Number of protein chains: 2
Amino acid sequence: MAHSSTTKQSNISLSNCGYSKVLDIISNKWTALVIYAMENGKIRYGEMLRRVEGISKKMFTQTVRKLERDGLVQRHIIPTVPLSVEYSLTTLGETLLQPMKELRQWGRENYTQVVEARVKYDSAYTPGSHEAGSIN
Amino acid sequence: MAHSSTTKQSNISLSNCGYSKVLDIISNKWTALVIYAMENGKIRYGEMLRRVEGISKKMFTQTVRKLERDGLVQRHIIPTVPLSVEYSLTTLGETLLQPMKELRQWGRENYTQVVEARVKYDSAYTPGSHEAGSIN
DNA sequence: CAGCATCCTTACAGATACTG
DNA sequence: CAGTATCTGTAAGGATGCTG
C-alpha cells in the first residue's frame, strides 16, 4: 500500500493495529487465566474462584462480564436453589485459544532467558555493582 | 472433558502460567507497537517517536528500557554529535514476533465480531431498550 | 451460591520542563 | 538528538460488606 510521499513505512497507531484491539480484550490481569480455566469446557462460578488462584469475586465478575460482552464467553444460568451459573467459551472465544496458547508456549520456552537477561541487566546497572562478577 | 466432582485439574495461577509471564512482558499499552516498529530492523529514537503515533518520549523510553532489560531489544549508541541511538530486536525478541503476529491476525479477522457482540450486549442490557425487536 | 456496591490504594500514563 | 525529572489525573485492582 503506497501511502504517501516521503514515508517509507506506514505509521503504527493504537487505533489501526489489530494487536492493540486484541490487547484491549485480553491484556487485563485476570483475563487470560479466566479463559484458560474454561478451555476444557464449562465451569461454574465457585469453581472458577477456586481454580484461578487469588482472584476475587469482584475481579472475576468484572473480567467475565467483559468477555461476555465481547462475545467470547457464554453465561448459562441454572435455576437451582440456590442458583448456579456456568461459564464457557463461545465459538469465537475458542478461536482465540489457539493464538493465546502459542504465546503461552513462548513464555514457557523463553521465560528463563528473560529472567537471565533481567539479572544481567540489573547487575550491570545497579548502583554499587561495578561490573565485578557479583550476582546479587 | 469428563471431569466432575473431585477430579482436580491443576490450579491456574499468575505465578505458574506461562501466559501471565508473557503478558507481564508485552501487555503494556505501547509495548506491542514499539516491537512492531522494530520488526523490519533498526530504528532510531526520533523516528520511533514519529512512527508510533501518540507515544511520548517518556513512555517510549520507559517501554523500550523494559524491553531491553528483558533481553528483547538491543540499544546501540552511535557517538555522533549530537548522538544517535538505534534500537532493534534481539534474537530472542524476534522469536516473540511470530506469536504476536498471530494474535494480531486474530484481531484483524475477528474484531468486527467483537464489536458486533458489544453492540448487541449493550442494546440488550442498556436501561431503556426493551427487547422489542430492534437489532438482530 | 452468585453476585453488586462502596471505599481505598496504587500503578499507569500524559504534560511539561530541563539536561548532556 | 536523546533522553531524565516532576507533577498530576485517571483507571485498575484489592478489601470488605450486603443481597436475591
Side-chain angles (χ1 to χ4, degrees), chain A residues 12-15 17 20 23-34 37-38 42-70 73-88 121 125-127, chain B residues 4-5 12-15 17 20 23-34 37-38 42-70 73-88 121 125-127:
Chain A
I12 299 169
S13 75
L14 284 171
S15 47
C17 178
S20 300
L23 274 191
D24 181 44
I25 298 171
I26 56 157
S27 75
N28 301 317
K29 180 171 181 180
W30 298 105
T31 304
L33 303 187
V34 167
M38 291 181 289
K42 302 177 188 173
I43 180 169
R44 285 181 47 191
Y45 180 94
E47 173 152 13
M48 185 74 84
L49 290 181
R50 268 171 271 125
R51 281 279 297 285
V52 182
E53 284 179 22
I55 197 170
S56 67
K57 290 194 285 185
K58 174 192 164 186
M59 290 319 295
F60 169 66
T61 300
Q62 188 173 302
T63 302
V64 84
R65 281 289 183 287
K66 184 167 185 294
L67 288 171
E68 191 191 358
R69 177 170 182 263
D70 289 347
V73 163
Q74 280 167 324
R75 190 156 160 273
H76 182 53
I77 301 173
I78 306 166
T80 53
V81 180
L83 86 153
S84 313
V85 179
E86 284 181 342
Y87 294 93
S88 59
Y121 185 95
Y125 290 98
T126 300
Chain B
S4 328
S5 60
I12 298 169
S13 73
L14 285 172
S15 47
C17 177
S20 301
L23 273 191
D24 181 44
I25 297 170
I26 57 157
S27 74
N28 300 317
K29 180 172 182 180
W30 299 105
T31 303
L33 302 187
V34 167
M38 290 182 289
K42 301 177 188 173
I43 179 169
R44 285 181 48 190
Y45 180 93
E47 171 150 13
M48 183 75 85
L49 289 181
R50 267 170 272 127
R51 281 278 299 283
V52 182
E53 283 180 21
I55 198 170
S56 66
K57 289 194 282 187
K58 174 192 161 186
M59 290 317 295
F60 169 65
T61 301
Q62 189 173 301
T63 302
V64 84
R65 282 289 185 286
K66 184 168 185 294
L67 288 171
E68 190 192 357
R69 177 171 183 262
D70 289 348
V73 163
Q74 281 167 323
R75 190 158 161 272
H76 180 54
I77 300 172
I78 306 166
T80 53
V81 180
L83 86 154
S84 313
V85 180
E86 284 182 344
Y87 294 93
S88 59
Y121 184 95
Y125 290 98
T126 300

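Remember, predicted model here, so these are calculated numbers, not experimental data. Residue numbers start from 1 in every chain, and the chains themselves are labelled A, B, ... in the order their sequence lines are given, proteins ahead of strands. Side chains are part of it too, since the values below use all heavy atoms of this structure and drop only hydrogens, waters and symmetry mates.
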Worksheet entry | B:L83 or A:P82, whichever maps to the more 5' nucleotide of DNA chain C |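 Whichever sits nearer the 5' end wins; that is A:P82.
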Nucleotide [N], atom [atom2] - distance to [atom1] of [X] in whole Å:
{"X": "A:K29", "N": "D:dA11", "atom1": "NZ", "atom2": "C1'", "result": "15 Å"}
{"X": "B:Q62", "N": "D:dA2", "atom1": "CD", "atom2": "P", "result": "19 Å"}
{"X": "B:R75", "N": "D:dC1", "atom1": "CZ", "atom2": "P", "result": "16 Å"}
{"X": "A:M59", "N": "D:dA15", "atom1": "CE", "atom2": "P", "result": "11 Å"}
{"X": "A:R65", "N": "C:dA2", "atom1": "CZ", "atom2": "P", "result": "12 Å"}
{"X": "A:K66", "N": "D:dA12", "atom1": "NZ", "atom2": "P", "result": "9 Å"}
{"X": "A:K57", "N": "D:dG14", "atom1": "NZ", "atom2": "C1'", "result": "14 Å"}
{"X": "B:L49", "N": "C:dG14", "atom1": "CG", "atom2": "C1'", "result": "14 Å"}

Item to complete: Using a cut-off of strictly less than 4.0 Å, decide whether B:Y87 has a side-chain nitrogen or oxygen near OP1 or OP2 of D:dG3.
Response: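 It does, given that an N or O in the side chain of B:Y87 lies less than 4.0 Å from OP1 or OP2 of D:dG3.
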Discussion item. Please confirm whether the shortest side-chain N or O distance from A:R44 to OP1 or OP2 of C:dA2 is below 4.0 Å.
Written reply: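 Affirmative; the distance criterion is met.
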Discussion item. Categorize B:S56 for me: base, sugar-phosphate, or nothing, with a 4.0 angstrom heavy-atom threshold over every strand shown.
Written reply: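 No contact at all - B:S56 keeps every heavy atom at 4.0 Å or more from the nucleic acid.
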Worksheet item: When you measure from the side chain of A:T31 to the backbone N and O of A:S27, does any donor-acceptor pair fall under 3.5 Å?
Response: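 Pair absent, no side-chain N/O of A:T31 close to backbone of A:S27.
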Worksheet entry | Positive for side chain to side chain contact (heavy atoms under 4.5 Å, CB included) with A:Q62, one of A:R65, A:K58, A:K66 |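 Output: one option passes, namely A:K58.
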Worksheet item: What distance separates B:Y45 OH from B:T61 OG1, expressed to the nearest 0.5 Å?
Response: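 So the gap between those two atoms works out to 4.0 Å.
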Worksheet item: If every non-hydrogen atom of B:L49 is compared with every non-hydrogen atom of B:S56, which pair is closest and at what distance?
Response: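 Nearest heavy atoms, B:L49 then B:S56: CD2-O, 3.9 Å.
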Worksheet item: Looking at C:dG14, does its base get a donor-acceptor pair with the side chain of B:K58 below 3.5 Å?
Response: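 Under the 3.5 Å cut-off, the side chain and the base do form a donor-acceptor pair.
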